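See below for the structure under consideration.
Per chain, numbering begins at 1; letters A, B, ... match sequence-line order. Treat the numbers as computed from the prediction; the structure is a model and nothing was measured.
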Number of protein chains: 2
Amino acid sequence: MPASIEDVARLANVSISTVSRVINRRALVNEETCKRVEAAIRELSYRPNAFARGLMLRKSGIVGLVLPDLHGEFYSEIIRGANVQAREMGHNLLISSAMPGDDAESWLSAIGQHALVDGLAMMVSDTMVAGVGPTLAQLNVPIVVLDDEIEGVEHDAVIIDQQQGAQAMMDHLLKDCGAKRVFFVGGLETNIDTQARYKVYKDSLKNAGLKFHKEDVYHLDFTYESAYRLALDTVKSWAGPQHFVFAANDEMAAGIIAGANAKSVEVPKELAVVGFDDTRVAQMIQPPLTTVHVPMSKMGATAIELLCRRIAEPERAPQKVSLEAELVVRSSCGCGGKKD
Amino acid sequence: MPASIEDVARLANVSISTVSRVINRRALVNEETCKRVEAAIRELSYRPNAFARGLMLRKSGIVGLVLPDLHGEFYSEIIRGANVQAREMGHNLLISSAMPGDDAESWLSAIGQHALVDGLAMMVSDTMVAGVGPTLAQLNVPIVVLDDEIEGVEHDAVIIDQQQGAQAMMDHLLKDCGAKRVFFVGGLETNIDTQARYKVYKDSLKNAGLKFHKEDVYHLDFTYESAYRLALDTVKSWAGPQHFVFAANDEMAAGIIAGANAKSVEVPKELAVVGFDDTRVAQMIQPPLTTVHVPMSKMGATAIELLCRRIAEPERAPQKVSLEAELVVRSSCGCGGKKD
DNA sequence: ACTCAGCCTGAAACCGCTTCCCAAACGATA
DNA sequence: TATCGTTTGGGAAGCGGTTTCAGGCTGAGT
């Protein structure tokens, strides 16, 4: 069993109070005593018991990050940003995700049971957002919600302004690239991201004086494969001067480009293709993808930052931070990089 | 402040011992009393204080996962596997990674300070593996090491048999595909993965009676871009009947294929390209990549499984689990999928 | 010499929970 | 009725820290 504060005290020939004072530097301690205690600590390679400490301090130095899923580059980027920020602020990161089949209750209990997080940063799936409020409130710790809001609990939030990102993309296509016709390839119709991007697409078309064709809109499932298959069928009919495909994520854009290659439709010359998200693949295909950078890593970092701030200062008013999604112009839109 | 066990006891009109017994179901409690206590718990929405509990039980239900970095699909896959397994075994996952500039000491202290993990699963970078042993031993918790071994501490380990994966690939190229010449594009010469794969490449060539040309070997930095640039220069000279490129990871393989496309060298007809790792891009390029699947997610899961087992049973003999890397035949090797 | 700050140090309470040890209550048996 | 075993519930001792409070020692002021 590891050494306790009492062992240190005995070895240094002082009381445990003094040892505690040396460790926490909260009160005056004679310099020589201090040295003796520190020597004893080293000698026994003593480290304070985190439970006992937490019991008094009511703080663990751990913040939780709860995600709906761990698949995909998104979540790993969030985790990465969160981890960096957490360490910067002297906290550790507890990670959990919902499992298929979890309901809100059992999902949260996984973290809640071990009620030793000082705060929780969480992203909820569309299907769960409704039920979690009350349970969350019981947890009685600061909450930061990622890219959403939750009813029934006070919480900080960090959201990504996708609207504006999609708008920037459409503006770029219509104004800078001189698009004459734009096809839209979205994810599932029920997906809120798809919906947001679709709305911007439709409105922008109207504002630019272009006709909106219902048959120019497709709904797939966000995967490369689905887009590839679709492209094999239809890419020939899409091709044309100043014709564009706006895919709702990079994977689908990549699939479309691959399909176009297979059908000898040249991208971006005969058909330009743009994506969304700016995931790693965007740089790894030919031509490199014009897309919208969604700052997931920054979102993770910001969430943790808000959280730690709030832990330190519980009475602060709830805050909502909005992060910008930024247009990234590469070659797949064919405009050669002009941006304004 | 949240309700304590004493509040529950008072409300249920019993002693705290009884409440504790109800919670832990460790001793006989009259059924009616039990009901009363449970009602009180619900009423106060009481949850045991994790610190106090941990203090007695000397268990937090948290296991740590420490990685050298969080960039890239590898690590996110490890985390995913670990998370699933941890929840399965009723534990939570604390994640940390080394930061650029960390030395072994400060790196570990980030986790060590909050000495409340029940065990640690860790992957160490080449540069750190030397120094961590002693520090680790002081932590005095079960350790599982991923894909490596550490001197000076007793630990379980889970490793991936890359040797055998690379061998399977070379066998496939030489025997099934009838390769006449194979180029090797590795990562940095100092990287141990590259070294292992290179060795297999060289030996296999010899065993197959093919000449080994020093100038057929390239060392890049594992990135798409470096491989793309190289390919633009040299892909023409690589092309030839039954000529192959064995890239040490999928990203570089993707870069080479893109470069070949740009130079109108047809893959796999004029030049076949294979990769390693089986990351997501492998399925997202044309032609889909023949590669070696490295089971990162499974490695994470296995590590946590070993860890939890050992936490439950500290006296078990240290164990070393080896995971197989599996050949995945897609189209980029041009053999049409025959496997034996 | 006596008093009184001012600096250090130690004793002890407390955080919330588990668990050991006992006592009370109860029914069964002699 | 006395004795005994079996449930059932309570009291209290820790677990290893932090913090409050009181007091000892020192040196300066009178």
So, with a heavy-atom separation below 4.0 Å from DNA chain D, the residues of residues 6-20 of chain A are A/Ile16, A/Ser17, A/Ser20
Can you tell me which residue pairs pass the salt bridge (charged side-chain N to carboxylate O under 4.0 Å, His left out) test with a partner in residues 132-152 of chain A, sequence neighbours excluded? A/Glu149-A/Lys320
Figure out the CG/C1' separation between A/Leu57 and D/dG17, and round it to whole Å. 9 Å
Under a 4.0 Å heavy-atom criterion, DNA chain C is touched by chain A from C/dC8 to C/dG16
Using the side chain to side chain donor-acceptor pair (under 3.5 Å) rule, take A/Ser322 and A/Asp161 through it: C-alpha gap first, then chi angles, then the decisive distance, then the call. CA-CA 6 Å; A/Ser322 174; A/Asp161 191 348; 4.5 Å; no
A/Val63 vs A/Leu120, test: side-chain contact (heavy atoms from CB on, under 4.5 Å). Steps then yes/no. CA-CA 6 Å; A/Val63 292; A/Leu120 225 45; over 6 Å; no
Pairs involving residues 49-58 of chain B, ordered by first then second residue, that meet side-chain hydrogen bond (donor to acceptor under 3.5 Å, both in side chains) (sequence neighbours left out): B/Asn24-B/Arg53
Test B/Ile23 against every option in B/Val8, B/Val37, B/Thr18, B/Ile41 by the side-chain contact (heavy atoms from CB on, under 4.5 Å) rule and name the one that passes. B/Ile41
Rounded to whole Å, CZ of B/Arg53 lies from P of D/dG16 at a distance of 18 Å
Determine to 10° how strongly the helix from C/dA1-D/dT30 to C/dA30-D/dT1 is bent, judged from the axes of its five-pair ends. 70°
Verify the neighbour count for atom CD of B/Glu38: are there more than 12 heavy atoms of other residues, nucleotides or ligands below 6.0 Å? yes
Would you kindly give the CG-to-P distance between A/Leu55 and D/dG14, to the nearest whole Å? 17 Å
I'd like to know if A/Glu77 and A/Arg80 make a salt bridge, using a cut-off of under 4.0 Å between side-chain N and carboxylate O. yes
Looking at B/Ala3 and B/Leu44, what are the two nearest heavy atoms and their distance? CB-CB, 4.0 Å
Let's see if you can work this out: which of D/dG10, D/dT20, D/dG17 has an atom nearest to the side-chain heavy atoms of A/Arg21? D/dT20
Stepwise salt bridge (Lys or Arg N to Asp or Glu O under 4.0 Å) check, B/Glu313 with B/Arg309: CA-CA 6 Å; B/Glu313 221 182 308; B/Arg309 241 200 250 303; over 6 Å; no
Checking B/Ile143 against B/Met122 for the side-chain contact (heavy atoms from CB on, under 4.5 Å) test, could you report, in this order, the C-alpha distance in whole Å, the side-chain angles of both residues, the deciding distance, and whether it holds? CA-CA 8 Å; B/Ile143 304 280; B/Met122 54 187 315; 4.2 Å; yes
Can you list, in residue-number order, the parts of residues 30-38 of chain A that come under 4.0 Å of DNA chain C, counting heavy atoms only? A/Asn30, A/Thr33
